[in-house]
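All chains are named by letter (A, B, ...) in the order of the sequence lines, taking the proteins before the strands, and each is independently numbered beginning at 1. Computed from a prediction, not measured in an experiment: that's the story for all the values here.
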Protein chains: 2
Amino acid sequence: MAEKVTIADVARVAGVSRQTVSNALNTPEVVRPETRQRVLEVVEELGYRVNLAARQMRTGRSGLIAIRVDPVSDGINGSVFDRFLHGLTEAAAEAGHRLLLYTAADDHKEIAAFEDLLGAHEPDAFVLTSTHHKDLRTTWLLDRQLPFVTFGRPWSELPDVRHPWVDVDGAAGTEAATEHLLAAGHRRIAFIGWPPGSGVGDDRRLGWARALAGAGLDPTGLSRETPDGAAEGEAVARDLLAGDPDITALVCASDSLALGALQVARSPNPAWHSEAYRRIAVIGFDDTPVAKAIGLTSVHQPLTEAAARCMSLLSRALEGSPPSHLLLPPFLVVRQSA
Amino acid sequence: MAEKVTIADVARVAGVSRQTVSNALNTPEVVRPETRQRVLEVVEELGYRVNLAARQMRTGRSGLIAIRVDPVSDGINGSVFDRFLHGLTEAAAEAGHRLLLYTAADDHKEIAAFEDLLGAHEPDAFVLTSTHHKDLRTTWLLDRQLPFVTFGRPWSELPDVRHPWVDVDGAAGTEAATEHLLAAGHRRIAFIGWPPGSGVGDDRRLGWARALAGAGLDPTGLSRETPDGAAEGEAVARDLLAGDPDITALVCASDSLALGALQVARSPNPAWHSEAYRRIAVIGFDDTPVAKAIGLTSVHQPLTEAAARCMSLLSRALEGSPPSHLLLPPFLVVRQSA
DNA sequence: GTGAAAGCGCTAACAG
DNA sequence: CTGTTAGCGCTTTCAC
């Protein structure tokens with residue numbers, strides 16, 4: 001049972017040639033239905049499976065899709081990638097592919113990893129995450145016409161960057177969050193985000209600003225920038241609330257930032273609480289387990305769907321179709337914090 | 001550069017035979033140092049990389065290690081596996097292997113996946129997680145003498161179950177947690193765990209009981225069982241505290257349970273708060289991002305080390321060494337909750 | 001429709 | 001120490 005059963009065994013038992021077996025499996029329409037039927041029965045009976053290494057030598061296709069996992073999982077936000085990865089594993093399996101993992105510390109190292117992989121395991125395609133401005137990886141892969149899809153839009157101005165991608169509309173997410181707060185009566189809504197230059201962060205700020213503009217409100221003085229982190233979020237929230245007694249709500253670019261902001265919101269501090277009591281609403285981004293655990297309202301990304309879409313765009317790319325892309329809408333998960 | 005460079009190219013440029021190149025790479029000691037040096041230079045110059053598919057056809061080894069990822073990441077506790085996976089990816093890379101992902105819904109489906117994989121990609125070994133009583137997978141792999149390692153000890157009574165494994169000493173973790181509470185002066189310390197039968201859960205309960213016994217305390221009436229979950233933990237904690245006014249601390253089998261328990265501990269409810277004010281200490285297990293976020297004291301598992309150890313046991317198994325195993329000590333991360 | 005031959009890139013076995 | 005031969009299992013010609 002664990003013995004190696006080759007195409008020759010199937011051919012012998014079915015009373016046909018090896019080639020006919022191969023045809024029955026790979027090019028069914030070229031074989032007579034009854035022959036095909038018999039071959040398939042024998043395949044089933046013997047538990048035959050194509051040896052991918054042998055196939056790969058002839059066709060050059062390995063059935064492998066490579067994806068990078070970061071050396072360290074940074075806790076709160078790492079869960080976003082992990083959910084995506086789980087979804088992608090399933091989607092890939094349905095498309096007859098398997099995921100191959102690799103690590104790399106930066107763009108250059110990752111390109112070195114591409115070279116290693118292409119020479120060794122020969123993955124059929126790559127899935128790239130965390131796209132950014134001046135992404136060397138996409139350029140490298142495009143130059144060599146290697147199939148890939150990115151989860152994350154190309155944050156580049158170059159109009160000739162043409163590759164399939166899937167992304168979640170971050171601006172729509174923060175916009176929905178802000179509109180939710182507006183609908184609840186909030187009028188002075190601040191934003192805590194990352195320093196400009198990170199496409200994702202800028203996009204999320206944009207949605208907040210758009211919602212304010214839509215309500216005819218002035219965003220001046222209501223936006224702050226900080227590296228990601230709960231401590232950072234807490235500091236910035238404290239500063240914001242102390243400096244502006246009219247702020248009643250905070251939209252954050254991540255759950256980490258929101259978590260810190262929520263500390264401030266939930267334990268009023270005299271330092272900023274000089275005015276009448278304010279109940280501060282807080283909304284995060286990513287709907288991580290932490291958000292669920294502490295009752296933080298957050299923007300949820302449809303990661304399973306994103307993974308499935310990545311896979312289908314990839315399948316299409318492997319068939320030679322021109323690249324297309326997809327911007328998925330996130331949705332707000334409302335909890336106690338807002 | 002992206003052109004396919006084979007061993008023949010290297011041989012031609014270096015002025016030796018194909019076999020010498022192969023030897024220089026795989027059996028360096030059998031080749032004259034100067035020849036070897038020249039070959040390696042040409043390899044570098046041409047950017048040659050062995051084609052694993054071709055090698056696999058000859059040697060039967062693919063350089064792949066297969067590991068299952070669960071279809072759905074269950075949020076809080078999923079992060080444990082994910083951290084392990086990240087660590088394993090790195091450890092595998094250092095040992096010259098890559099991780100291949102697959103999914104399966106249960107033991108039987110997973111065994112079917114084994115068969116698929118072995119016939120197709122031919123992984124050199126498997127890494128199994130979530131071992132349990134009557135684990136069909138280990139039996140199946142042992143029967144076929146396929147190399148594998150489990151992260152999780154064999155929870156079986158069978159003395160002949162002999163395979164390499166790595167596990168974290170859960171009992172030592174809850175014991176340390178309980179001792180920490182004892183040292184802080186707590187005398188009536190309850191345990192919230194899972195229904196008996198899940199090796200991991202029973203083990204964690206054992207550590208708590210052991211610590212109490214060591215302090216000469218009676219555990220009677222202090223242990224509760226419930227499926228995992230924050231809501232479940234909350235309900236059980238409420239019940240425990242209402243029924244026993246002397247309880248001042250709760251040790252939980254998971255961060256999910258602890259999260260729920262902490263809700264009760266932090267917002268005193270008249271229902272159980274009939275006695276004098278009690279500050280209830282809570283300790284969780286796994287040290288997930290949620291624990292860090294909400295200041296929950298928790299038992300931390302050394303997952304990166306566990307992954308590295310799994311890989312080294314696997315390497316040894318692939319070399320034919322007899323199986324050995326390892327029980328790693330966890331440690332307590334003390335935060336505000338205890 | 002079906003079968004025979006060739007060869008993908010590599011390494012184990014053997015000969016020099 | 002180095003070179004030659006053979007063949008892993010499969011699929012792509014090309015005959016039949």
Side-chain angles (χ1 to χ4, degrees), chain A residues 2-40 42-43 46-64 96 116-124, chain B residues 2-40 42-43 46-64 96 116-124:
Chain A
E3 308 304 316
K4 194 163 289 184
V5 30
T6 78
I7 205 169
D9 300 319
V10 177
R12 192 167 28 75
V13 175
V16 295
S17 77
R18 290 203 302 270
Q19 184 46 31
T20 303
V21 177
S22 178
N23 283 340
L25 262 32
N26 302 310
T27 332
E29 67 275 13
V30 92
V31 126
R32 214 184 330 159
E34 58 211 62
T35 312
R36 174 157 181 267
Q37 179 62 22
R38 185 153 36 94
V39 169
L40 291 184
V42 175
V43 163
L46 268 46
Y48 168 78
R49 277 165 179 85
V50 286
N51 181 312
L52 262 32
R55 165 182 285 179
Q56 185 180 345
M57 284 198 71
R58 286 302 288 166
T59 66
R61 288 192 290 105
S62 62
L64 257 23
D116 269 348
L117 285 164
L118 290 167
H121 289 284
E122 299 187 296
D124 297 336
Chain B
E3 308 304 316
K4 194 163 288 185
V5 30
T6 77
I7 204 169
D9 299 320
V10 177
R12 191 168 27 75
V13 175
V16 296
S17 76
R18 290 203 301 270
Q19 185 50 30
T20 302
V21 176
S22 177
N23 284 340
L25 262 33
N26 302 310
T27 332
E29 67 276 14
V30 93
V31 129
R32 213 185 329 159
E34 60 211 60
T35 312
R36 175 158 180 267
Q37 179 63 22
R38 185 154 35 94
V39 169
L40 291 184
V42 175
V43 163
L46 267 48
Y48 167 77
R49 275 164 181 86
V50 286
N51 181 311
L52 261 32
R55 165 182 285 178
Q56 184 179 345
M57 286 199 70
R58 284 303 285 160
T59 66
R61 289 191 288 103
S62 62
L64 258 23
D116 269 348
L117 285 163
L118 290 167
H121 290 284
E122 300 187 296
D124 297 336

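The outermost nucleotides of DNA chain C lying under 4.0 Å from heavy atoms of chain B, listed 5' to 3', are C:dG9 to C:dA13. A nucleotide of DNA chain D counts as in contact with chain A when one of its atoms lies under 4.0 Å from a heavy atom; the first and last such, 5' to 3', are D:dG9 to D:dT12.
Within 6.0 Å of the CZ atom in B:R61, the count of heavy atoms belonging to other residues, nucleotides or ligands does not exceed 12.
Here A:R38 pairs with nothing under the side-chain hydrogen bond (donor to acceptor under 3.5 Å, both in side chains) rule; sequence neighbours left out. For the side-chain hydrogen bond (donor to acceptor under 3.5 Å, both in side chains) test, no residue two or more places apart in sequence or in another chain qualifies with A:T35.
Heavy atoms only, all atoms of each residue included: B:A53 and A:M57 are closest at CB-CG, 4.1 Å. Taking all atoms of both residues into account, the shortest heavy-atom contact from B:L25 to B:Y48 is CD2-CE2, 3.7 Å. Minimum heavy-atom separation, A:S62 to A:P123: OG-CA, 3.5 Å.
Counting heavy atoms from C-beta outward, A:N51 and A:T6 have side chains that stay 4.5 Å or more apart.
Note that CZ of B:R32 and CG of B:N23 are 13.5 Å apart. Values are rounded to the nearest 0.5 Å. In this structure, the separation between CG on B:L46 and CD1 on B:I7 is 12.5 Å, given to the nearest 0.5 Å.
Side-chain atoms of A:Q56 come within 3.5 Å of backbone atoms of A:H121 as a donor-acceptor pair (strictly under, hydrogens ignored).
Within residues 21-37 of chain A, the residues approaching DNA chain D are A:S22, A:N26, by heavy-atom distance under 4.0 Å. Contact check of residues 49-61 of chain B against DNA chain D (heavy atom, cut-off under 4.0 Å) returns B:M57, B:R58.
Of the two residues contacting DNA chain D, namely B:S17 and A:A8, the nearest-nucleotide position lying further toward the 5' end is that of B:S17.
Checked options A:V13, A:V21, A:D9, A:V16; the residue passing with A:V42 is A:V13 (criterion: side-chain contact (heavy atoms from CB on, under 4.5 Å)).
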Please evaluate residues B:R49 and A:D116 with respect to the criterion side-chain contact (heavy atoms from CB on, under 4.5 Å), reporting the C-alpha separation (whole Å), side-chain torsions for both, the decisive distance (0.1 Å), and the verdict. CA-CA 7 Å; B:R49 275 164 181 86; A:D116 269 348; 2.7 Å; yes
